[in-house]
Amino acid sequence: MSAPGVAGETDRALIDGVLAGERRALAKAITLIESTRPDHQARAQDLLAALLPRTGSAIRVGISGVPGVGKSSFIEALGLHLIAQGRNVAVLAVDPSSSVSGGSILGDKTRMERLSQNAAAFIRPSPSSGSLGGVAEKTREALLLCEAAGFDVVIVETVGVGQSETAVAGMTDVFVLLQLSNAGDDLQAIKKGIVELADIIVFNKSDIDSPATDLAAAQMRTALTMLRPASKHWQPPVLKASATRSEGIAEFWQSIEAHRAALDQAGELPAKRRRQALDWMWQLIDSGLRSRFRDSPGVRDAIVELTAAVESGATTPVAAAMRLLDLPAHAYDNLKFD
Ligand code: GDP
């Protein structure tokens, strides 16, 4: 294994390939970061360290919405629109269901067929194993690789279950919520706190019932006035679109650019990304500490007994937590950070 931060000979070619924007090298690099093998992980971290200085230049767009809202149709229309403007687009996914089913929202090859065949696009399904946190972490790293490969727009798609939206909003510059004008969709999103994460809200499928879309958009605008905006420099607009007819796509992208301009003018983008990077670090520390704590020998044994005691009401959660945390130092022997 190479020393930290110094890529081995074999990975030099991979790094050069990614930097040259070669799709095969990028795909291989992402496979390396998704691997759970410790030697692959070490190489992946070296790779990322080498590529990090070449990251940061893309517009990072998060897109979320319930299944069937039209995410892939919208992303395809958007991607083709951007490519026509001379940009190149990478699409990644954080799929909470893939970690359970082993499937992937982007696994189906028929999705975004036209975009996937375009030489200026790169589409990568969600990693199909691991916890949501793990999947999100890999996607975050894949996003950096796409930037190093020269993509100027990176779209991260997720299907809504609350936590995955938070993860995607935490790795992108602008977070977009796709909505439908029916089915109490907006109410659900407001209740789950997803609307508060959104920088832009788009009512899709406006071709089906345009007046209903206008009404839903107006109601959403009213609802937004009662919520605290995520940024004091930006009031989230509510737009409408028809992904299948490619309507509202150009206006949507203008909103993305206006959002970027507002962040730039306020000098907020670097601060936002710094905050996201630190949050990411702390999430990794929290989850790392938690799993090492649970796996340490003394804790592993005591936890069974104390879990039962809390469940039966024989002890309080506070007392049990304190006992576990106070276990003698040898219980933490494997808390080594090497
Ligand atoms: P996803 O599950 O959110 O990715 O949704 P899809 O993009 O797969 O779309 C689900 C279905 O809605 C497909 O049959 C699409 O053709 C259809 N659809 C998507 N966008 C629109 C739209 O703007 N108008 C209409 N009428 N149908 C749409």
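Numbering of ligands and ligand atoms starts at 1, following listing order.
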*asked:* Between Asp295 and Arg300 (salt bridge meaning N to carboxylate O under 4.0 Å), is one present in this structure?
replied: no
*Is it true that the side chains of Thr158 and Ser164 contain a donor and an acceptor less than 3.5 Å apart?*
yes
*Near ligand 1, which residues have a heavy atom under 4.0 Å away from one of its atoms?*
Val66, Pro67, Gly68, Val69, Gly70, Lys71, Ser72, Ser73, Arg111, Asn204, Lys205, Asp207, Ile208, Ser242, Ala243, Thr244
*Answer yes or no: does atom CE of Met322 have more than 12 heavy-atom neighbours from other residues, nucleotides or ligands under 6.0 Å?*
no
*Residues two or more places apart in sequence or in another chain: which of them pass side chain to side chain donor-acceptor pair (under 3.5 Å) with Thr31?*
Arg124
*Got a sec: does the CZ of Arg260 have more than 12 other heavy atoms crowding it under 6.0 Å?*
yes
*Under 4.0 Å between a Lys/Arg side-chain N and an Asp/Glu carboxylate O for Arg140 and Glu147?*
no
